[in-house]
Amino acid sequence: MLPVDNHLHTRLCGHASGEIYEYLDAAARRGIREVGFCDHLPLYFLPPEKTIPGYAMSESDLPGYVSMVKSRARQAPVRVKLGIEADFVPGHEDHLANILASYRFDFVTGSVHFIDGWGFDNPAELAEYARRDIDAVYRRYFALLQQAALTGLFDIMAHPDLVKKFNLRPTRDPRPLYEETARVFKSAGVCVEVNTAGLRYPVKEIYPGPELLEIFFKYGLPVTLGSDAHLPEDVGAGLPAAVELIKNTGYREVATFSGRQIKFVKI
Ligand code: ZN
Ligand code: ZN
Ligand code: FE
Ligand code: FE
């Protein structure tokens, strides 16, 4: 049995497919006890005319997302939690806090997908790496991630080393940056997501990689698990490898969330 898959999308975001019951049936078939839907929050930090189509649900879809997950939860073959994946963009914290306060999410997952307006994990914006210093990109990414954690708006920090997605690695030793990030996460009281989507991208590695995960463990940070499925077939994808990775690192439990309270399940 797999304890939890806390990162499932739905077709409301415009780049995922499959019906919600198909995600739930897949979870039940794969022996997953609990799932957390974690679809992309509307792009609250962009003016409506600048919104990116096919990136996230529209603001008018958010109440429907919440009620769809809540109503499915009552008749699902597995336990279902209501989460949301919210982008962090500095300067828009109050706006985000206001949206989050309008719903009773079980958990809020914070993501950094934009570095000062650059969608660095978007294949369409890959060319920008050639114009940048990779070490500076890593420093800025982790600085934003730390800033996100310190807002107190997020329970879970998503795919913590997403910046490695295209397997463009820093030339300098990233460990001091990792240590600093772990220290900040600890003081912020956040949980870290062990996200298997990296296995499906050029980096071919779970987020976080073993070196970063070891540092998170050393700082006593809790972990949860997520496949980041955008298709029913990907529910639970890579999770057995993620469980093995966290066990080998020393973890004996994973976190789940209800009403934004953390709980632990033995693994
Ligand atoms: Zn997505
Ligand atoms: Zn805003
Ligand atoms: Fe994400
Ligand atoms: Fe996601």
Side-chain angles (χ1 to χ4, degrees), residues 4-20 22-23 26-27 32 35-46 51-58 61-62 65 68-69 80-89 96 100 105-115 117-126 141-142 144-145 147-149 153-166 190-203 205-209 212 223-239 242 257:
V4 65
D5 186 340
N6 252 339
H7 197 145
L8 305 185
H9 286 272
T10 80
R11 60 182 171 73
L12 287 177
C13 68
H15 60 270
S17 52
E19 294 303 322
I20 190 162
E22 298 177 283
Y23 285 80
I32 298 166
V35 298
F37 283 93
C38 187
D39 212 355
H40 300 278
L41 190 74
L43 301 176
Y44 64 91
F45 49 91
L46 294 176
T51 201
I52 311 167
Y55 193 98
M57 68 182 93
S58 67
D61 280 336
L62 185 55
Y65 165 70
M68 172 177 78
V69 173
V80 177
K81 296 295 166 64
L82 173 67
I84 195 86
E85 178 173 13
D87 279 279
F88 171 68
V89 175
L96 175 57
L100 296 177
F105 293 113
D106 288 309
F107 61 89
V108 177
T109 297
S111 293
V112 171
H113 297 116
F114 296 96
I115 295 177
W118 170 35
F120 69 91
D121 79 322
N122 181 354
E125 298 185 44
L126 186 54
Y141 170 77
F142 281 102
L144 286 167
L145 199 62
Q147 199 183 343
L153 293 170
F154 308 115
D155 305 300
I156 301 169
M157 301 314 294
H159 38 61
D161 54 359
L162 178 65
V163 67
K164 72 182 179 185
K165 176 173 176 175
F166 299 111
V190 291
C191 174
V192 165
E193 181 191 52
V194 175
N195 178 310
T196 60
L199 296 171
R200 307 191 292 274
Y201 290 116
V203 70
E205 187 181 85
I206 288 170
Y207 310 112
L212 178 54
V223 286
T224 190
L225 301 170
S227 65
D228 217 338
H230 286 73
L231 296 168
E233 298 88 281
D234 282 341
V235 175
L239 287 197
F257 289 83

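Each ligand, and each atom within it, is numbered from 1 in the order the structure gives.
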Charged N-O contact under 4.0 Å between Arg200 and Asp228: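 A salt bridge is absent here (no side-chain N lies under 4.0 Å from a carboxylate O).
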Please give the atom name: the N, O or S atom of Asp228 nearest to the Fe ion (ligand 4). OD1
Glu85 atom (N/O/S) at minimal separation from the Fe ion (ligand 4):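 Atom name returned: OE1.
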Are Lys165 and His159 packed together at the side-chain level, in the sense that at least one heavy-atom pair is separated by less than 4.5 angstrom?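 When only atoms from C-beta onward are counted, His159 and Lys165 do not touch, as no gap falls below 4.5 Å.
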Is any side-chain heavy atom of Phe105 closer than 4.5 Å to a side-chain heavy atom of Asp155? no
Are more than 12 heavy atoms, taken from residues, nucleotides or ligands other than Arg11, located less than 6.0 Å from that residue's CZ atom?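 Atom CZ in Arg11 is not crowded, with 12 or fewer foreign heavy atoms closer than 6.0 Å.
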Any N/O/S atom from His15 (main chain or side chain) under 2.8 Å of the Zn ion (ligand 1)?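 It does; at least one qualifying atom falls short of 2.8 Å.
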Taking both backbone and side-chain atoms into account, decide whether Cys13 has an N/O/S atom under 2.8 Å from the Zn ion (ligand 1).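 Within the cut-off used here (under 2.8 Å), Cys13 places no N, O or S atom near the Zn ion (ligand 1).
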Verdict with reasoning, Tyr141 to Tyr207, per ring pair (Phe, Tyr, Trp, His ring centres under 6.0 Å): CA-CA 14 Å; Tyr141 170 77; Tyr207 310 112; 9.4 Å; no
In terms of relative ring orientation, are Tyr23 and Phe37 parallel, tilted or perpendicular, with 30° and 60° separating the classes? perpendicular
Within His40, is some N, O or S atom less than 2.8 Å away from the Fe ion (ligand 4)? no
Of the backbone and side-chain N, O or S atoms of His7, does one lie nearer to the Fe ion (ligand 4) than 2.8 Å? yes
At the Fe ion (ligand 3), what is the angle formed between atom NE2 of His113 and atom NE2 of His159, rounded to the nearest 10°? 100°
